Amino acid sequence: MPELPEVETVVRQLRQAVCFRTIEAVTIKDPKVISPAVAQGLPARVIDIARRGKSIIFTLDSNAYLLAHLRMTGHFHVVPSRSASLEYQKYLSGIFHLDGGSFFTFNEIRRFGGITKVSAKELEKAFSRLGPEPLADSFTFTAFDSLLHRFPSAVIKTKLMDQSFLAGLGNIYAQEALYRAGIHPQTKIEEIGVSKRKRLYHGLREILRLAIKCNGTTIQNFSHLDGKGSFQDLLSVYQREKCPRRHRVERINQGGRSTYYCPRCQK
DNA sequence: CGAGGTACCTGACAGC
DNA sequence: TGCTGTCAGGTACCTC
């Protein structure tokens with residue numbers, strides 16, 4: 001499930017393979033996933049690939065941007081030459097033809113994610129609703145704490161997953177961060193004391209950094225360009241039966257989503 | 001305004 | 001075997 005660490009992994013790999021290359025043409029197989037506008041204004045050179053929250057931004061030298069979101073099951077694949085077989089044809093949404101005959105593809109099983117072409121203004125508008133980047137230097141404990149103070153009555157787990165609150169956390173890392181902080185996922189923000197707020201701040205940053213080092217978590221549908229991440233081996237509660245301290249993990253439902261937590265470690 | 005619920009979409013899997 | 005129901009979940013959109 002692509003969250004911040006998985007998207008960051010994909011961005012780093014795309015940067016290696018696609019940055020400073022020219023997109024000559026795009027073949028759109030599924031216009032619901034790849035907006036037809038993406039094929040216009042080519043060829044164009046990719047001069048930067050970056051991440052904001054869970055979005056991927058390709059900066060083109062044509063004064064436009066490609067905005068990609070993996071949602072649940074979106075994948076990029078880089079294919080070295082035109083003669084190579086399209087290994088992932090089954091869910092192929094689009095083919096990006098690069099200079100020199102290589103290409104990369106976008107595949108989307110559930111067709112939730114996709115790629116659109118946007119202007120600088122549209123890009124700014126899309127990101128204006130996003131909360132801060134949890135790994136940014138400017139995201140200090142003070143910044144996190146003042147954010148928490150704005151929503152005293154909200155349930156902490158739901159808020160951690162709210163992209164306008166904090167950009168990049170999803171169901172897995174929100175749960176893992178709460179385990180690290182010893183906070184029950186149904187706790188209201190106003191009920192969390194300052195020491196647990198600090199543990200949550202440090203816990204979520206540590207977990208994101210560690211997961212990036214592991215190239216993300218590979219569960220069910222997520223794999224990055226070069227294979228699989230390994231953070232799933234380090235999960236404490238998500239889809240686990242026992243927490244690292246050998247207590248039984250419980251599963252509850254919050255907003256139609258499963259939440260795993262340890263009733264003994266998280267009060 | 002915030003908070004909570006639901007639709008979107010398809011594959012995996014359990015149960016009969 | 002083959003059907004049905006449930007679950008997975010990021011985000012936009014809706015209602016209260």
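Please read all numbers here as calculations on a predicted model, not as lab measurements.
- Between A/R110 and A/E108 no salt bridge is recorded (no basic side-chain N to carboxylate O distance below 4.0 Å).
- A straight line from NZ of A/K32 to P of B/dC9 spans 5 Å, rounded to a whole angstrom.
- At the heavy-atom level, A/R257 lies under 4.0 Å from base atoms of the strands shown.
- When distances run from any side-chain atom of A/V155 to the nucleotides B/dG4, C/dC7, C/dG10, the shortest one goes to B/dG4.
- Of the candidate nucleotides B/dG11, C/dG9, C/dT11, C/dT11 has the atom lying nearest to any side-chain atom of A/Q163.
- Atom OH in A/Y91 sits about 10 Å away from atom C1' in B/dA12, given to the nearest Å.
- Residue-level contact check: A/R150 touches neither bases nor backbone, having no heavy atom under 4.0 Å from any strand.
- At least one side-chain nitrogen or oxygen of A/S153 sits closer than 4.0 Å to the OP1 or OP2 atom of B/dA3.
- Distance A/Q175 CD to C/dA8 P: 10 Å, rounded to the nearest Å.
- Nucleotides of DNA chain B nearest to A/G256 and A/F151 differ in position, and the one nearer the 5' end is that of A/F151.
- One can place CZ of A/F165 at 17 Å from C1' of B/dC1, the figure rounded to the nearest angstrom.
- Using a 3.5 Å distance cut-off with no hydrogens or angles, the side chains of A/Q254 and A/T158 do not pair a donor with an acceptor.
- Each of C/dA8, C/dT11, B/dG2 was ranked by its minimum atom distance to the side chain of A/R110; first place goes to C/dA8.
- The pair A/E133-A/R51 counts as a salt bridge, with a side-chain nitrogen and a carboxylate oxygen less than 4.0 angstrom apart.
- When distances run from any side-chain atom of A/K159 to the nucleotides C/dG9, C/dT11, B/dA3, the shortest one goes to B/dA3.
- Across all strands, A/K188 comes closer than 4.0 Å to no nucleic acid atom at all (heavy-atom distances).
- For the pair A/H69 and A/N253, nearest-nucleotide mapping onto DNA chain C gives the more 5' position to A/N253.
- Using a 4.0 Å cut-off between charged nitrogen and carboxylate oxygen, A/E8 and A/R12 count as a salt-bridge pair.
- For A/S258, the side-chain atoms get nearest to C/dA8 when compared with the rest of C/dG9, B/dG2, C/dA8.
- Atom-to-atom, CZ of A/F127 to C1' of C/dT11 comes out at 14 Å; the value is rounded to the nearest Å.
- We find that CD of A/Q254 is positioned 14 Å from C1' of B/dG5, with the value rounded to whole Å.
- Relative to the ring axis of A/Y65, A/K117 does not place its NZ or CZ within 45° and under 6.0 Å from the centre.
- With 3.5 Å as the limit, one finds no donor-acceptor pair spanning the side chains of A/S62 and A/R45.
- One interatomic measurement links the two molecules: CZ of A/F112 to C1' of C/dA8, which rounds to 10 Å at whole-angstrom precision.
- Counting non-hydrogen atoms under 4.0 angstrom, A/E108 reaches nothing in the nucleic acid.
- Checked against B/dA3, C/dC7, C/dG10, the side chain of A/R251 finds its nearest nucleotide in C/dC7.
- Atom CG in A/L130 sits roughly 13 Å away from atom C1' in C/dA12 (whole-Å rounding).
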